[in-house]
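Written below as structure tokens is the structure these notes are about.
Note that the structure is a prediction, hence the values are computed from the model and not measured. Numbers restart at 1 for each chain; the letters A, B, ... are given by sequence-line order, proteins then strands.
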Protein chains: 2
Amino acid sequence: MPNLPLDAIDRRILSALQRDARLSNVDLAAEVGLSPSPCLRRVRLLEEAGVITDYRALLDRTAIGLGLTVFVGIKVDRHDDAHATAFREAVAALPQVVSCHLVSGESDFLLQIVLPDLAAYERLLLDTLLKLPGVKDIRSNFVLNTVKSMGTLPLDQVARS
Amino acid sequence: MPNLPLDAIDRRILSALQRDARLSNVDLAAEVGLSPSPCLRRVRLLEEAGVITDYRALLDRTAIGLGLTVFVGIKVDRHDDAHATAFREAVAALPQVVSCHLVSGESDFLLQIVLPDLAAYERLLLDTLLKLPGVKDIRSNFVLNTVKSMGTLPLDQVARS
DNA sequence: CGTGAAATAAAAGAGCC
DNA sequence: GGCTCTTTTATTTCACG
């Protein structure tokens with residue numbers, strides 16, 4: 001699935017679906033200035049090419065009792081393949097871990113973790129995170145307030161092709 | 001919109017829609033063990049209560065030319081209301097900023113930023129981020145590799161009500 | 001909460017510009 | 001590549017048990 005070139009209409013389609021995945025094809029077509037048939041063809045192509053990866057419902061974390069978000073920086077003492085892979089797989093398998101990135105800078109990995117409360121985080125930290133393979137240092141940054149979250153990707157910032 | 005209590009079926013509905021927002025009501029009902037009518041009633045209630053906030057298409061960042069993700073820690077020198085509010089609004093308005101949280105720890109704010117490449121980040125940093133009101137220090141953590149992203153919220157971790 | 005029927009809307013396809 | 005029109009299919013909605 002190589003880089004299918006995206007034209008202006010594709011970007012408008014992606015932008016619209018990113019805001020509202022439930023748009024009917026007819027409405028979407030109207031919004032991007034196409035008739036329904038070619039619009040649907042493009043959407044299918046974008047799906048098959050892997051540009052659109054998923055359709056998801058977003059939930060209000062606090063409304064479902066997941067009031068605590070923590071950004072956790074983790075340093076590991078080995079970067080060789082075997083240990084690195086073991087660490088990554090273990091982290092990816094944790095349901096509380098919403099995202100995990102290998103990053104430059106002070107920490108090696110930066111994780112976003114979502115859970116009900118501090119007690120749950122204490123348990124996760126002691127029972128799981130500190131026991132992950134190769135962990136040298138853990139820094140916990142608790143989210144006190146969310147200014148913006150789940151922002152859409154800035155399609156406007158991509159160079160026009 | 002107070003905390004509507006969620007039972008086991010609600011959680012199953014949320015969990016399913018979080019994975020696939022395009023499930024038809026019939027399929028969703030089958031998956032959660034309900035018939036279509038009450039299932040749809042519950043979904044509408046969850047939407048109206050603000051538990052389901054949005055339906056979105058997720059896009060492959062690299063496929064659309066947004067290959068660079070940066071986690072940016074920002075320290076600000078004032079926490080008083082006027083300046084804090086100005087900072088937050090300015091940040092929230094930037095399309096490249098996917099998320100922004102007030103956090104405990106070394107930085108005051110932690111931003112996730114998505115853009116095409118380093119050149120774009122250089123411009124954003126010099127022209128915009130460094131000029132935000134009250135900024136004292138900026139630490140850029142570049143994402144080298146994504147282990148997990150866009151994880152679903154761990155509904156299993158919520159206490160059963 | 002479940003069932004079933006009726007109304008609506010959406011997706012898919014053929015043929016043409 | 002896009003447009004229109006038609007067919008087919010599925011989804012929502014509602015009244016009632």
Side-chain angles (χ1 to χ4, degrees), chain A residues 1-60 63-65 152 155-156 158-161, chain B residues 1-60 63-65 152 155-156 158-161:
Chain A
M1 322 285 134
N3 278 16
L4 175 86
L6 304 176
D7 66 10
I9 296 181
D10 288 323
R11 276 194 296 270
R12 288 220 287 281
I13 289 175
L14 294 173
S15 181
L17 289 178
Q18 206 182 190
R19 273 184 289 103
D20 182 3
R22 292 207 132 187
L23 277 174
S24 74
N25 185 54
V26 174
D27 292 344
L28 177 62
E31 197 167 323
V32 303
L34 231 50
S35 61
S37 259
C39 183
L40 186 60
R41 262 203 299 272
R42 279 167 180 266
V43 172
R44 296 284 177 257
L45 276 176
L46 291 167
E47 288 169 354
E48 280 155 25
V51 179
I52 298 174
T53 59
D54 236 334
Y55 295 93
R56 298 238 190 120
L58 299 190
L59 311 181
D60 181 329
I64 56 182
T152 54
L155 280 165
D156 315 343
V158 178
R160 279 87 184 110
S161 48
Chain B
M1 325 279 136
N3 280 18
L4 175 85
L6 305 176
D7 65 12
I9 295 182
D10 288 323
R11 276 194 297 269
R12 288 220 287 282
I13 289 174
L14 294 173
S15 182
L17 288 179
Q18 205 182 189
R19 273 184 290 103
D20 182 3
R22 293 203 134 187
L23 277 174
S24 72
N25 185 53
V26 174
D27 293 345
L28 177 62
E31 196 167 324
V32 304
L34 231 54
S35 61
S37 265
C39 182
L40 186 60
R41 264 200 297 272
R42 279 168 183 262
V43 172
R44 297 280 178 260
L45 277 175
L46 291 168
E47 287 169 354
E48 280 156 26
V51 179
I52 297 173
T53 58
D54 236 333
Y55 296 92
R56 296 234 191 126
L58 298 191
L59 311 181
D60 181 330
I64 56 181
T152 54
L155 280 164
D156 317 343
V158 178
R160 280 87 183 112
S161 50

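- Scanning both residues, B:G50 and A:D60, for their nearest heavy atoms gives O-CB, 3.2 Å.
- Look at CZ on A:R41: it is 15 Å from P on C:dA11, rounded to the nearest Å.
- Between the P atom of C:dA10 and the CZ atom of A:R22 lies a distance of 12 Å, rounded to the nearest Å.
- Distance A:N25 CG to D:dT8 P: 20 Å, rounded to the nearest Å.
- Using a 4.0 Å heavy-atom criterion, one finds that B:S24 contacts the sugar-phosphate atoms exclusively.
- Side chain of A:R42, nearest nucleotide from D:dG1, D:dT12, C:dT3: D:dG1.
- Taking all atoms of both residues into account, the shortest heavy-atom contact from A:A29 to A:S35 is CB-C, 3.8 Å.
- Side-chain contact check for B:R12 versus B:L34: every heavy-atom pair is 4.5 Å or farther apart.
- Regarding B:L40, its CG atom lies at a distance of 18 Å from the P atom of D:dA10, rounded to whole Å.
- In this entry the distance linking CG of B:D27 with C1' of D:dT9 reads 14 Å, nearest Å.
- Rounded to whole Å, atom P of C:dC1 lies 13 Å from atom CG of B:L28.
- In this structure, A:L23 places its CG atom 15 Å from C1' of C:dA9, rounding to the nearest Å.
- Atom CZ of A:R44 and atom P of C:dA11 are 7 Å apart (whole Å).
- Below the 3.5 angstrom threshold, one finds no donor paired with an acceptor across the side chain of B:S37 and the base of D:dT13.
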- Query: Between B:L14 and B:L6, does a side chain to side chain contact (heavy atoms under 4.5 Å, CB included) hold up when you go through it step by step?
  - Reply: CA-CA 10 Å; B:L14 294 173; B:L6 305 176; 4.0 Å; yes
